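Pasting a structure below so you can have a look.
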Amino acid sequence: MADKNHEMWGNLGMDLETHDQLCAVLPTAFGDVYLSQENRPEGMDFFNMVVADIHGIRPAELIEAQKNGQKVFGTFCVFVPDEVVIAANGIVTGLCGGSQFWVPEGEKVLPANTCPLIKASLGARFGKTCPFFRIADMYVGETTCDGKKKAYEILGEDVPVHVMNLPHSKRPKDFEAWNGEIADFIKVVEKETGNEVTLDKLNEAIKIVNNKRRALARMYECRKNACVPISGRDALLVMQIAFFDDPTRLAAMVNKLCDELEKRIEDGVSVVPEKAPRIMLTGTPLAIPNWKIHNIIESSGAVVVCEENCTGTRYFAHEVKEDNQSMEEAIASLTERYMSNINCACFTPNEGRVEDIIRLAKEYNVDGVIDLNLKFCNLYDTEGYFVERALKEAGIPVLGLETDYTDNDAEQLRTRIEAFLEIIRG
């Protein structure tokens, strides 16, 4: 398998020597964070397998699909409607970089004081050390922040990029503008794939993505229980894999996992002691393999039961209307779901996100909230003012943290998190 993967990576024009360094480090990191856990659900075996050959199995599937005429679209944000790509017989794969390994290459073309997610994403492309970034026929960006907007210009010199212009308010004219962006995106996808996006195909694609959303929502419902059947680390891994795995297979494997989780709840099988503090994370997304904060929290005796971020509830919450009667209605249904129900910090005003956080804190019966932000993400860092004020007013303990992809601050973070947990326990 290793020789076959090397041949595939070589054909993609990857830097094999540097990539081997990443492949040598990842198994140890995964083992330390995940395989060291006790009492894990058996249903996690599939997700373990995906990570064990993360640059082999799925990339090989994508390449085979390309040989059969399918196009692969790489995306960076939950605002890009996967349904459109699937309706044109295309394939969607997430491209956000979550490793410090890719940051130095990104800093060759970006300022050092850029968000590590953006630096890692460009570094993975230009450093030629991630097959997903080499395979994608087209990248699809969005204007959620200034850093991303300029980064897409740089990427556009090396690979075809289509950028969706996301409005930053939710007025009627903004919904109309996003409606137009989705209509334009359909035309771009049709041209790239050579396939027409018909009403029937779009309705079917909506059902496929909704089924994935339902499966992930079912997993999160299990996390609300007083008996916690799955760790936050494992739930995060499932969410991260959901961004690039086949959506139908992903839904099936998550539902299989949920069958086991629901049986665990029935049998009183928990992954943590009864009085372990229940923590919710909010803030910036956690792209694979960014497992640092979950690992520190849970190895300190607490459990993460919910994430209000793009690699959490925002990814699956709210479904798109199915069985639309016209293309206009289908596009409007997509607009409604993606504009109304994703409360990203790019919007102003953004009271909806604060309301979401308070509501979720109550639904998941959390003991405290950690507002986590990646360094140099001014959007979420600034909005933390409103988030933390609202949580304090609601009587919910909150801790604001800022970090990046390095491990340099791990012990400092652990000290602050453990002190926060002691306050909660007290």
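Given the structure is predicted, the values throughout are model-derived calculations rather than measurements.
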Check your understanding: Quick one: ring-ring contact (aromatic ring centres under 6.0 Å, His included) partners of Phe347, sequence neighbours excluded?
Key ->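 Counting only residues at least two positions away or on another chain, Phe347 forms a ring-ring contact (aromatic ring centres under 6.0 Å, His included) with Phe79.
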**Study point:** Arg353 and Tyr380, any side-chain heavy atoms less than 4.5 Å apart
**Key:**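 Answer yes - side chains close enough.
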**Study point:** Among Thr284, Leu372, Asn290, side-chain contact (heavy atoms from CB on, under 4.5 Å) partner for Thr403
**Key:** Leu372
Exercise for review: Could you tell me whether Arg359 and Asp356 make a salt bridge, using a distance below 4.0 angstrom between a side-chain N and a carboxylate O?
Suggested key: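 Yes, Arg359 and Asp356 are salt-bridged.
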If you look only at distance, which donor and acceptor atoms sit under 3.5 Å apart when one is on a side chain in residues 91-102 and the other is two or more places apart or in another chain?
residue	atom	partner	partner atom	Å
Ser99	OG	Phe101	N	3.0
Trp102	NE1	Thr129	OG1	3.0

Review point. In terms of heavy-atom contacts, does NZ of Lys170 have more than 12 from other residues, nucleotides or ligands at under 6.0 Å?
Key: yes
Exercise for review: Answer with yes or no whether the side chains of Arg314 and Asn343 bring together a donor and an acceptor at under 3.5 Å.
Suggested key: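 Their side chains do not contain a donor-acceptor pair, so the 3.5 Å distance test is not met.
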**Study point:** Those residues that, when tested against Ser36, pass side-chain contact (heavy atoms from CB on, under 4.5 Å) (two or more places apart)
**Key:** none
Point to revise | Backbone N/O of Asp323 and side chain of Gln325: donor-acceptor pair under 3.5 Å | key: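 Yes: the side chain of Gln325 pairs with the backbone of Asp323.
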Exercise for review: Starting at OG1 of Thr313, measure out to CG of Leu216 and round the result to the nearest 0.5 Å.
Suggested key: 11.5 Å
Check your understanding: How about Lys128: does its NZ atom have over 12 heavy atoms from other parts shown lying under 6.0 Å from it?
Key ->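 Result for NZ/Lys128: open.
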Check your understanding: Just by distance, do the side chain of Arg58 and the backbone of Phe244 share a donor-acceptor pair under 3.5 Å?
Key ->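 Yes, because the side chain of Arg58 sits within donor-acceptor range (under 3.5 Å) of the backbone of Phe244.
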Check your understanding: Is the backbone of Val80 close enough, under 3.5 Å, to the side chain of Thr75 for a donor and an acceptor to pair up by distance?
Key -> no
Exercise for review: Could you list the residues that satisfy side-chain contact (heavy atoms from CB on, under 4.5 Å) with Val269, not counting sequence neighbours?
Suggested key: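 Val269 satisfies side-chain contact (heavy atoms from CB on, under 4.5 Å) with Asn39, Arg264, Asp267 once adjacent residues are dropped.
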Point to revise | side-chain hydrogen bond (donor to acceptor under 3.5 Å, both in side chains) contacts in which one or both residues fall within residues 175-196, not counting sequence neighbours | key: Asn179-Thr335
Review point. How far apart are the closest heavy atoms of Val33 and Trp291, and which atoms are they?
Key: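 Looking at all heavy atoms of both residues, the closest pair is CG1-CB, 4.0 Å.
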Review point. Would a distance-only check, ignoring hydrogens and angles, find a side-chain to backbone donor-acceptor pair under 3.5 Å from Glu107 to Lys119?
Key: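 Looks like no, no N/O pair under 3.5 Å.
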Point to revise | Salt bridge flag under 4.0 Å for residues Lys212 and Asp246 | key: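 Looking at Asp246 together with Lys212, the answer is no, because their closest N to O distance does not fall below 4.0 Å.
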Exercise for review: Could you tell me which residues satisfy ring-ring contact (aromatic ring centres under 6.0 Å, His included) with Tyr405, sequence neighbours excluded, listed by chain and number?
Suggested key: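 For Tyr405, no residue satisfies ring-ring contact (aromatic ring centres under 6.0 Å, His included) once neighbours in sequence are set aside.
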Exercise for review: Kindly say whether Pro229 contributes a backbone atom to a donor-acceptor pair with the side chain of Ser270 at under 3.5 angstrom?
Suggested key: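 The answer is no, because no donor-acceptor pair under 3.5 Å joins these two groups.
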Less than 3.5 Å apart, which donor and acceptor atoms pair up between the side chains of residues 45-52 and the rest of the protein, not counting sequence neighbours?
residue	atom	partner	partner atom	Å
Asn48	OD1	Arg40	NH1	3.3
Asn48	OD1	Arg40	NH2	3.1
Asn48	ND2	Met44	O	3.4

Check your understanding: Picking from Phe243, Tyr220, Tyr338, what satisfies ring-ring contact (aromatic ring centres under 6.0 Å, His included) with Tyr315?
Key ->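 Exactly one candidate clears the test, Phe243.
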Point to revise | Worked verdict on Glu204 versus Asp200 for side-chain contact (heavy atoms from CB on, under 4.5 Å) | key: CA-CA 6 Å; Glu204 181 58 31; Asp200 287 343; over 6 Å; no
Review point. Are any side-chain N or O atoms of Asn255 and backbone N or O atoms of Ala215, one a donor and one an acceptor, separated by less than 3.5 Å?
Key: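 Not at all, since once roles are kept as given, no pair shorter than 3.5 Å links the two residues.
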**Study point:** Residues in side-chain hydrogen bond (donor to acceptor under 3.5 Å, both in side chains) contact with Ser340, at least two apart in sequence or another chain
**Key:**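 Only Glu336 meet the side-chain hydrogen bond (donor to acceptor under 3.5 Å, both in side chains) criterion with Ser340.
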Exercise for review: Flag yes if more than 12 heavy atoms outside Glu322 fall under 6.0 Å of its CD atom; otherwise flag no.
Suggested key: yes
Practice item. Return yes if some donor-acceptor pair links the side-chain N/O of Asn225 with the main-chain N/O of Glu221 below 3.5 Å, else return no. Key: no
Review point. Using 4.0 Å as the upper bound for N to carboxylate O, is an ion pair formed by Arg213 and Glu83?
Key: yes
Check your understanding: Listed by chain and number, what are the ring-ring contact (aromatic ring centres under 6.0 Å, His included) partners of His19, not counting sequence neighbours?
Key ->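 Once residues adjacent in sequence are excluded, the partners of His19 under the ring-ring contact (aromatic ring centres under 6.0 Å, His included) criterion are Trp9, His55.
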Review point. In terms of side-chain heavy atoms, does Asp404 have a donor or acceptor partner in Thr406 at a distance below 3.5 Å?
Key: yes
Exercise for review: Output yes when a side-chain donor or acceptor of Arg337 lies under 3.5 Å from a complementary backbone atom of Ile342, and no otherwise.
Suggested key: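 No, Arg337 side chain to Ile342 backbone: no donor-acceptor pair under 3.5 Å.
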**Study point:** For Asp146, salt bridge (charged side-chain N to carboxylate O under 4.0 Å, His left out) partners two or more places apart
**Key:**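 Scan of Asp146 (salt bridge (charged side-chain N to carboxylate O under 4.0 Å, His left out), adjacent residues dropped) gives Lys149.
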Practice item. Please check if the side chain of Glu298 supplies one atom and the backbone of Arg233 the other of a donor-acceptor pair under 3.5 Å. Key: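 At least one qualifying donor-acceptor pair exists.
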Point to revise | Considering all heavy atoms, the nearest Leu122-Ala151 contact | key: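 Leu122 and Ala151 have their closest heavy atoms at CD1-CB, 3.7 Å.
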Practice item. Could you tell me which residues satisfy ring-ring contact (aromatic ring centres under 6.0 Å, His included) with Tyr139, sequence neighbours excluded, listed by chain and number? Key: Phe76
Practice item. Taking Arg134 for its side chain and Asn11 for its backbone only, find out whether a donor-acceptor pair lies under 3.5 Å. Key: no
Point to revise | Sequence-distant partners of Glu307, salt bridge (charged side-chain N to carboxylate O under 4.0 Å, His left out), two or more places apart | key: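 Glu307 satisfies salt bridge (charged side-chain N to carboxylate O under 4.0 Å, His left out) with Arg223 only.
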